[in-house]
Amino acid sequence: MIPAVSGQPGASHLEGMLPGRVRLHEPLSRHTSFRIGGPADIWIDVVGAADIGTVQAVAGAEGLPLTVVGGGTNILVSDLGVRGIVIHPGRSLVSTEWSECRGGIRVRAGAALALKRLVTEAIERGLAGLEFAEGIPGSVGGGLLMNAGAFGGELSQAITGVEGVDGDGKVVRLSREVLLFQYRRLDLPAGFVITHVEFLLTPGEREAIEARRADAKRRREKHQPLGYPNAGSIFKNPPGLFAGLLLESVGMKGERCGGAMVAVEHANFIVNVGHASAADVRALMAEGARRVWERHGVRLEPEIRLVGEWREV
């Protein structure tokens, strides 16, 4: 049963404008790859830029914080949940548009499209540039924010622009030249919500492209945990080093806290082996970072994003 939309500032107003798409106290464990997370005060499925602008206007008028949760990967949601409004990009933002352009083939992909599906569609068309991303979970929008990458490739290498709704509710396009990519990070203007991402891909020999994708898949399956909910790599690789090897060297493989465990296949993954809490995961993160700092003098920086309301630790 969907809870009534009373008792939360702005909820009734939003339900009147977006009927059937507003839910209160929605458990975010249903929407994260970790299967962890407390409730969102207000959860809204949006179907396009107009919806996003509407939600932004209400959030601004009511003074409510706004959070976007797409595919739910690469995030750890607090056990206390998320205050304010959580936007979830809907099915209308999963389309792809392909066109020829100078230098190759341009694809405009919806932010909610699964990154794996985009990789598959590109390879089926004989296009190179994304095969390194085979097996990276989550959506195109989430991959953009994390500048997702693997095996020497990053999404930033293929992106030519980003479309979305800015903090004033205007639909805008940001060209590649103004996008501030970093390692596993993209800084966007405050309040900007992604709707589409543009890529430039190049035609190539399909057999060779398929071989590169198969190699990426093989390497991922060999070293990464399968079968348990997780959020991908926990820490960024420090310059010239590998977080997983650092964590393995300090005995973190197999360490447990409650229902969370450091994967035995790769020490830079934490898996939910049964009813893990966000506090369990965060405790393992803190312990791993502490050991690495004390043994190696290296500070590990989280790759996953902590979302929601957290108690001081």
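Quick caveat: nothing in here was measured; it's all calculated off a predicted structure. Side chains included, hydrogens not; waters and symmetry mates left out as well; all remaining heavy atoms used. Quick note: residue numbers are just sequence positions, from 1.
- The backbone N or O of Phe235 sits less than 3.5 Å from a side-chain atom of Asn268, completing a donor-acceptor pair.
- Side-chain contact check for Leu66 versus Leu64: every heavy-atom pair is 4.5 Å or farther apart.
- Residues Trp43 and His31 bring their aromatic ring centres within 6.0 Å.
- A donor-acceptor contact shorter than 3.5 Å links the side chain of Arg295 to the backbone of Ser249.
- Cation-pi geometry between Arg106 and Trp98 is not met at under 6.0 angstrom from the ring centre and within 45 degrees of the axis.
- A donor-acceptor pair under 3.5 Å is formed between the side chain of Gln56 and the backbone N or O of Asp166.
- Between Arg125 and Glu121 there is no salt bridge, since none of the side-chain N atoms of the basic residue sits less than 4.0 Å from a carboxylate O of the acidic one.
- When all heavy atoms of Glu265 and Pro225 are compared, the pair lying nearest together is OE1-CB, 3.5 Å.
- The shortest side-chain heavy-atom distance between Val281 and Phe34 falls under the 4.5 Å cut-off.
- A donor-acceptor pair is defined here as one N or O able to donate and one able to accept, closer than 3.5 Å; no such pair exists between the side chain of Asn230 and the backbone of Phe269.
- Contact check on Arg220 versus Glu134 returns no salt bridge, with no Lys/Arg side-chain nitrogen under 4.0 Å from an Asp/Glu carboxylate oxygen.
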Test salt bridge (Lys or Arg N to Asp or Glu O under 4.0 Å) on Glu163 and Arg108 and set out the steps.
CA-CA 9 Å; Glu163 298 174 26; Arg108 178 175 179 263; 2.8 Å; yes
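- Side-chain N or O atoms of Glu15 include one that pairs as donor or acceptor with a backbone N or O of Gly20 at under 3.5 Å.
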Side-chain donor-acceptor distances from residues 251-260 under 3.5 Å, at least two apart:
residue : atom : partner : partner atom : Å
Lys253  : NZ   : Val264  : O            : 3.3
Glu255  : OE1  : Arg291  : NH2          : 3.4
Arg256  : NH2  : Gly258  : O            : 3.4

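- Between Arg282 and Ser277, every side-chain heavy-atom pair lies at or beyond the 4.5 Å cut-off.
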Compile the donor-acceptor pairs under 3.5 Å between side chains in residues 136-145 and protein atoms, sequence neighbours left out, one pair per line.
residue : atom : partner : partner atom : Å
Ser139  : OG   : Ala111  : O            : 3.4
Ser139  : OG   : Gly142  : N            : 3.1

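- The shortest heavy-atom contact between Val77 and Ile36 is O-CG2, 3.8 Å.
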Assess the residue pair Gln182 and Asp187 against the criterion (side chain to side chain contact (heavy atoms under 4.5 Å, CB included)); give the C-alpha distance rounded to whole Å, side-chain angles, the decisive distance to 0.1 Å, and a yes or no.
CA-CA 8 Å; Gln182 300 178 48; Asp187 291 323; 3.0 Å; yes
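- One finds a salt bridge joining Asp215 and Arg218 here, because a Lys/Arg side-chain nitrogen approaches an Asp/Glu carboxylate oxygen to under 4.0 Å.
- Taking 4.0 Å as the cut-off between side-chain N and carboxylate O, Arg173 and Glu198 count as a salt-bridged pair.
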Between Glu131 and Arg213, does a salt bridge (Lys or Arg N to Asp or Glu O under 4.0 Å) hold up when you go through it step by step?
CA-CA 5 Å; Glu131 50 271 28; Arg213 174 170 71 167; over 6 Å; no
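- Listed by first and then second residue, the salt bridge (Lys or Arg N to Asp or Glu O under 4.0 Å) pairs involving residues 235-245 are Lys236-Glu301 (not counting sequence neighbours).
- Two residues are said to be in side-chain contact when any heavy atoms from C-beta on lie closer than 4.5 Å; Ile85 and Thr67 fail this criterion.
- The shortest non-hydrogen separation linking Pro203 to Ile105 is CG-CG1, 4.4 Å.
- Ion pairing between a basic and an acidic side chain is recognised when a charged N comes within 4.0 Å of a carboxylate O; Arg21 and Asp51 show such pairing.
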